[in-house]
Novice: 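Please read through the structure below; I'll follow up with questions.
Note on naming: letters A, B, ... go to the chains in the order of the sequence lines (proteins, then strands), and numbering restarts at 1 for each one.
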Amino acid sequence: MNKIEKIYTLLYKTYGPQGWWPFMNYEDFYHKADYSFPKDEAQVFEVCLGSILTQNTSFNAVVKSLENLKALNALSPEAIINLDIDAFKLAIKPSGYHNQKAKYILSFIDFFQELKGSIPTREALLNVLGIGEETADSILLYGYNQPQFKVDAYTKRVLLELGLIDEKAKYKDMKKLMQDALRESVRDEKELVAVYQEYHALIVCHSKNFYSKKPYGLSCFLKEALI
DNA sequence: AACCAGGACGTGA
DNA sequence: TCACGTCATGGT
C-alpha cells in the first residue's frame with residue numbers, strides 16, 4: 001500500500017463516508033456512501049452550478065445562494081436565463097464575485113444546453129469562460145461520475161506538509177500523483193470514481209480540522225502515520 | 001482586524 | 001510559461 005492509499009484508508013476510517021455531492025434535497029445528502037447520484041439532469045446541473053459558485057468560496061455560502069435561487073424557482077438553466085440579471089446576481093451574492101460568477105454561469109448554460117444530455121469532454125469544459133481545471137474536474141467527477149481526481153488548495157497544502165510534493169507542484173502534477181497511486185489498486189471503474197469522490201471530500205473534511213489555520217498541519221495525525 | 005473559503009482570468013514580463 | 005493583481009461576500 002503506497003502513501004496515497006494509506007492516507008485514504010486513515011481518513012476514511014477516521015471520518016467515514018462524506019456523502020458528496022451535497023444536493024439541495026438534503027434527504028439525499030444524508031444517504032452517505034450512496035454513489036447513485038446524480039439521479040437526473042436537474043441534479044447534474046445543480047452540481048455544475050455549485051462547482052462554479054464554490055470557487056474560492058465556502059460551500060455554506062453556496063447553499064445560501066442555491067436556496068435563494070430555489071425560492072425564485074430558478075434552479076434550472078431555462079429559469080436562470082429567463083431571470084432578470086440583477087435578480088440573479090442578487091441571489092448568488094452570498095457566494096461572492098457575483099458579477100463574475102453570473103457571467104460564468106450564463107456562459108456555462110449555453111454550453112450545457114448544447115450538450116443535450118451528453119457527457120462533456122474535459123477540453124470542452126476548459127474552453128468555457130470561468131471553468132478552470134478544478135471546476136472542470138469537479139463537474140466531471142461529481143456531476144458525470146467520470147474518473148477525474150479533483151485537486152484543490154487543501155490537497156496541495158496536505159501533500160506539501162507530508163512532503164509528497166514541492167511548492168511549485170502544478171495542478172496537473174498533483175492530479176497525476178493521486179490518480180497514478182490509486183489506479184493500481186482500484187481496478188473497477190465505478191469503485192475508482194467512488195474513491196475519487198470520497199478522497200477529495202475527506203481531504204476537505206480533514207483540512208477544515210488541521211489545515212485551515214496557520215501553521216498548517218499542527219497535530220495532523222497523517223504525518224506520523226506515514227513514517 | 002487579518003485571514004481564509006472546495007479558483008479563474010487578464011495582464012505584463 | 002509565470003508571477004501578480006483583481007474579483008466580493010461571509011465566517012472565525
Novice: Might you work through the ring pair (Phe, Tyr, Trp, His ring centres under 6.0 Å) test for A/His200 and A/Phe149, ending with a clear yes or no?
Specialist: CA-CA 8 Å; A/His200 172 71; A/Phe149 197 95; 7.1 Å; no

Novice: Figure out the CD/P separation between A/Gln55 and B/dA8, and round it to whole Å.
Specialist: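 Nearest whole value for this atom pair: 5 Å.
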
Novice: Quickly work out the A/Tyr97 OH to C/dT6 C1' distance and round it to whole Å.
Specialist: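 Rounded to the whole Å, the gap is 9 Å.
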
Novice: Looking across every strand, which nucleic acid part, if any, lies under 4.0 Å from A/Val128 by heavy atom: base, sugar-phosphate, or nothing?
Specialist: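 It contacts sugar-phosphate atoms only.
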
Novice: Return no unless some side-chain N or O of A/Arg157 is found under 4.0 Å from OP1 or OP2 of B/dA5.
Specialist: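 Yes, A/Arg157 has a side-chain N/O under 4.0 Å of OP1/OP2 on B/dA5.
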
Novice: Tell me which nucleotide among B/dA8, C/dC7, B/dG6 gets nearest to the side chain of A/His200.
Specialist: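 Nearest to the side-chain atoms of A/His200, counting from C-beta on, is B/dG6.
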
Novice: Calculate the interatomic distance between A/Glu133 atom CD and B/dA8 atom P; express it in whole Å.
Specialist: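 Whole-Å distance recorded here is 8 Å.
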
Novice: A/Asn56 or A/Asn60: which one's nearest nucleotide on DNA chain C is closer to the 5' end?
Specialist: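 In this pair, the answer is A/Asn56.
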
Novice: With a non-hydrogen cut-off below 4.0 angstrom, is A/Thr135 in contact with a base, only sugar-phosphate, or nothing?
Specialist: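 Sugar-phosphate: the residue A/Thr135, judged by heavy atoms under 4.0 Å, touches backbone atoms but no base.
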
Novice: Could you state the NZ-P distance from A/Lys150 to B/dA5, rounded to the nearest angstrom?
Specialist: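 So the two atoms are 13 Å apart, to the nearest Å.
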
Novice: Using the six-membered ring for Trp and the full ring for Phe, Tyr or His, decide whether A/Phe59 stacks on the six-membered base ring of B/dG6 (centres under 5.5 Å, planes under 30°).
Specialist: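 Yes.
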
Novice: Taking any heavy-atom pair under 4.0 Å as a contact, classify A/Gly96: base, sugar-phosphate, or nothing.
Specialist: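 Base: the residue A/Gly96, judged by heavy atoms under 4.0 Å, touches a nucleobase.
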
Novice: B/dT11 and C/dA8: how far apart are their P atoms, nearest whole angstrom?
Specialist: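 One P to the other, the span is 16 Å.
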
Novice: C/dC7, B/dC9, B/dG6: which one has an atom nearest the side-chain heavy atoms of A/Gln100?
Specialist: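 Comparing C/dC7, B/dC9, B/dG6 against the side chain of A/Gln100, the answer is C/dC7.
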
Novice: To the nearest Å, give me how far apart CD1 (A/Ile105) and P (B/dC9) are.
Specialist: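 Going from A/Ile105 (CD1) to B/dC9 (P), I get 14 Å.
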
Novice: Is A/Glu134 touching bases, backbone alone, or none of the nucleic acid, heavy atoms closer than 4.0 Å?
Specialist: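 A/Glu134: backbone/sugar contact only, no base atoms under 4.0 Å.
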
Novice: Quick check with a 6.0 Å cut-off and a 45 degree axis cone: is A/Lys39 positioned over the face of A/Phe37's six-membered ring?
Specialist: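 A/Lys39 over A/Phe37 ring: yes.
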
Novice: Any base atoms under 4.0 Å from A/Leu129, or only sugar-phosphate, or nothing? Heavy atoms, all strands.
Specialist: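 It contacts sugar-phosphate atoms only.
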
Novice: For C/dG5 versus B/dC4, give the span between their P atoms, rounded off to a whole number of Å.
Specialist: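 The same atom, P, in both gives a distance of 16 Å.
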
Novice: Report which part of the nucleic acid A/Ile131 touches: base, sugar-phosphate, or nothing (heavy-atom distance under 4.0 Å, all strands).
Specialist: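 The residue A/Ile131 makes sugar-phosphate contact but no base contact.
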
Novice: Any idea which of B/dA8, B/dG6, C/dG10 is nearest the A/Lys64 side chain?
Specialist: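 From the listed options, C/dG10 comes nearest.
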
Novice: Once the angle between the rings of A/Phe210 and A/Phe221 is folded into 0 to 90°, is it parallel (under 30°), tilted (30 to 60°) or perpendicular (over 60°)?
Specialist: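 Rings of A/Phe210 and A/Phe221: perpendicular, as their planes differ by over 60°.
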
Novice: Can you tell me the distance, in whole Å, between the CG atom of A/Leu125 and the P atom of B/dG7?
Specialist: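 Distance, rounded to whole Å: 17 Å.
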
Novice: Picking from A/Lys172, A/Lys170, A/Arg122, what satisfies salt bridge (charged side-chain N to carboxylate O under 4.0 Å, His left out) with A/Glu133?
Specialist: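 Of the listed residues A/Lys172, A/Lys170, A/Arg122, the salt bridge (charged side-chain N to carboxylate O under 4.0 Å, His left out) partner of A/Glu133 is A/Arg122.
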
Novice: Tell me: CD1 of A/Ile139 to C1' of B/dG6, nearest whole Å?
Specialist: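 Going from CD1 in A/Ile139 over to C1' in B/dG6 covers 13 Å.
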
Novice: Tell me whether the side-chain N/O atoms of A/Asn99 come closer than 4.0 Å to OP1 or OP2 in C/dA8.
Specialist: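 Looking at the OP1 and OP2 atoms of C/dA8, one of them is under 4.0 Å from a side-chain N or O of A/Asn99.
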
Novice: Using centres under 5.5 Å plus planes under 30 degrees as the test, is A/Tyr154 stacked with B/dA5?
Specialist: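 No, aromatic ring not over the base.
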
Novice: Could you go through the side-chain contact (heavy atoms from CB on, under 4.5 Å) check for A/Ser51 and A/Trp21 one step at a time?
Specialist: CA-CA 10 Å; A/Ser51 295; A/Trp21 188 268; 3.6 Å; yes

Novice: Mind checking if A/Tyr216 touches a base, just sugar-phosphate, or nothing, with heavy atoms under 4.0 Å?
Specialist: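 Sugar-phosphate contact only.
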
Novice: Start at the 5' end of DNA chain B and walk down; is the nucleotide closest to A/Ala136 or to A/Ser212 reached first?
Specialist: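 Nearest nucleotide further toward 5': that of A/Ser212.
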
Novice: Between A/Thr57 and A/Leu126, just flag the one whose closest nucleotide in DNA chain B comes earlier from the 5' side.
Specialist: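 Upstream on the strand: A/Thr57.
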
Novice: Give A/Lys214 one of three labels, base, sugar-phosphate or nothing, depending on what nucleic acid heavy atoms sit under 4.0 Å from its own.
Specialist: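 Sugar-phosphate: the residue A/Lys214, judged by heavy atoms under 4.0 Å, touches backbone atoms but no base.
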
Novice: Indicate whether the side chain of A/Lys150 and that of A/Thr155 have a donor and an acceptor atom separated by less than 3.5 Å.
Specialist: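 Side-chain D/A pair, A/Lys150 to A/Thr155: absent.
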
Novice: Give one of base, sugar-phosphate or nothing for A/Lys170, where a contact means two heavy atoms less than 4.0 Å apart.
Specialist: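 Sugar-phosphate contact only - A/Lys170 comes under 4.0 Å of backbone atoms but never of a base.
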
Novice: Work out how far the P atom of B/dG6 is from that of C/dT6, and round it to whole angstrom.
Specialist: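 About 24 Å, rounded to a whole number of Å.
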
Novice: What's the NZ-C1' distance between A/Lys208 and C/dT12, to the nearest Å?
Specialist: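 Interatomic distance, NZ of A/Lys208 to C1' of C/dT12: 14 Å.
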
Novice: So does A/Asn82 have more than 12 non-hydrogen atoms from other groups sitting under 6.0 Å from CG?
Specialist: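 Yes, the 6.0 Å shell around CG holds more than 12 heavy atoms from other groups.
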
